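To start, the structure under review is shown below, and the notes come after it.
The chains referred to below are lettered A, B, ... by the order of the sequence lines, with proteins before strands, and numbering in each begins at 1. This is a predicted model, so every value here is computed, not measured.
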Amino acid sequence: MSILLQTEGLRVANRKAAEDIQSSQAATAAVTQLMSEPAGVAKRSLVTKKALATGIPEAEIIERAKEGDGACFEALYSLHKRRVYSLCLRMTGNTAEAEDLTQEAFLQLYRKIATFRGESAFSTWLHRLSVNVVLMHLRKKGLPEVSLEETLEPTEEDGPKKDIGACDQVLAGSIDRVNLERAMESLPPGYRIIFVLHDIEGYEHNEIAEMMGCSIGNSKSQLHKARMKLRDLLRVIRPMRAAGKK
Amino acid sequence: MNCAEFQRDLPLIIDTGGTEEQEDHLRSCEVCRDLVNDLRYIAEQAKLLIPMLEPSPKVWKGIEEKLKDQGLVKPVQVRRTL
Ligand SMILES: [Zn+2]
């Protein structure tokens, strides 16, 4: 097995583990205070704020949210808003759309929360729901289906670049977060979605294929093209930024 | 194996690892090695993009209103002051 593959696999596993720990710690923190506060309704808003400092199992918040407890809804929002919003923003590349979609995702969450049975982690469940909200929106908007249905056959445009060796700079060590976010915004939507789902969010190709309604091969092919395109974009952005600093 | 052949199979090489021949090419060809390193680097950097973008407060305001309109929450007597 190549080193390449090993590091990739490990990284995905590490990331998911770290995420679970992070999420469960935050959740625990979010509710301890909630439960230890007096039950008075008047205390609720204060409770929500304080809820983020100490801990109770997230399961407790979820159960209370299922019963229509507004403070628990808000606690869930506070815990998960960044992750959901980041996903929406990166997938759409548009702030206004991302805000609307975040709102829609949480409204759906609240409508469906009674059906959450705890088979998966809550964050995983919410995240999946959010991805579906975004995909649904993009489909309505007319997500360029063509780009999702391309086959693995390389086209001339996507094939090996003849001038690939002409550029002797390598990217290593040169990308910062701002660069990468900017480059991602310039990706065609189909590429961007797969890149976000796989490389940022850590979904597997089979999961992406299922969500997108495309083949696993397409998902892999799109991801590769997305990374190649990003490489081109980053090579342009970087010298521009360097020049701008002088 | 030349660069074109190597790069044609690149998605598969990155996905499942290369054959002996492909790994040989990788060791001997700087161009393809740079390419593979760049693609790997991009994927690594992407994984470091933590989901910490903060939504505007108006997002929660909108949710709160709709929750009330749709009767999804029990009435709360004291509004939060944040
Ligand atoms: Zn080569």
Yes or no on side-chain contact (heavy atoms from CB on, under 4.5 Å) for A:R82 and B:L53, after CA distance, side-chain angles and deciding distance?
-> CA-CA 5 Å; A:R82 289 183 194 82; B:L53 307 172; over 6 Å; no
Measure distances from A:E104 to the heavy atoms of chain B and classify the residue's part below 4.5 Å as side chain, backbone, both or neither.
-> neither
Taking atom CD of A:Q103 and atom NZ of B:K61, what is their separation to the nearest 0.5 Å?
-> 12.0 Å
Parallel, tilted or perpendicular: ring planes of B:W60 versus A:Y110, cut at 30 and 60 degrees = perpendicular
Smallest heavy-atom separation, B:A46 atom then A:I200 atom, equals O-CG1, 3.7 Å
Return yes when atom CD of A:E181 has more than 12 non-hydrogen atoms of other residues, nucleotides or ligands closer than 6.0 Å, and no otherwise.
-> yes
Here the gap from B:Y41 atom OH to A:L230 atom CG, rounded to the nearest 0.5 Å, amounts to 13.0 Å
Just wondering, do B:S56 and A:E99 contact through their side chains at under 4.5 Å, heavy atoms?
-> yes
When rounded to the nearest 0.5 angstrom, what distance separates CD in B:E64 from OH in A:Y77?
-> 10.5 Å
Considering non-hydrogen atoms only, spot the tightest contact between A:L107 and B:L67 and give its length.
-> CD2-CD2, 4.1 Å
Worked check of side-chain contact (heavy atoms from CB on, under 4.5 Å) between B:Q45 and A:R177 | CA-CA 8 Å; B:Q45 292 308 110; A:R177 225 180 61 209; over 6 Å; no
Side-chain touch B:L39/A:M228, heavy atoms, less than 4.5 angstrom | yes
Would you say B:P55 and A:K81 make side-chain contact, with heavy atoms under 4.5 Å?
-> yes
Please check if atom CD in B:E54 has more than 12 non-hydrogen atoms from other residues, nucleotides or ligands closer than 6.0 Å.
-> yes
Could you check B:I42 against A:R231 for side-chain contact (heavy atoms from CB on, under 4.5 Å), going step by step and ending with a plain yes or no?
-> CA-CA 7 Å; B:I42 288 168; A:R231 185 186 192 233; 3.8 Å; yes
Given side chains that start at C-beta, do those of B:L12 and A:K220 come closer than 4.5 Å, heavy atoms only?
-> no
Determine, step by step, whether B:D38 and A:R227 satisfy the salt bridge (charged side-chain N to carboxylate O under 4.0 Å, His left out) criterion, reporting the C-alpha distance in whole Å, the side-chain angles of both residues, the deciding distance to 0.1 Å, and the verdict.
-> CA-CA 9 Å; B:D38 275 357; A:R227 288 174 180 164; over 6 Å; no
What are the residues of residues 85-97 of chain A, in order of number, with any heavy atom under 4.5 angstrom from a heavy atom of chain B?
-> A:Y85, A:S86, A:L89, A:R90
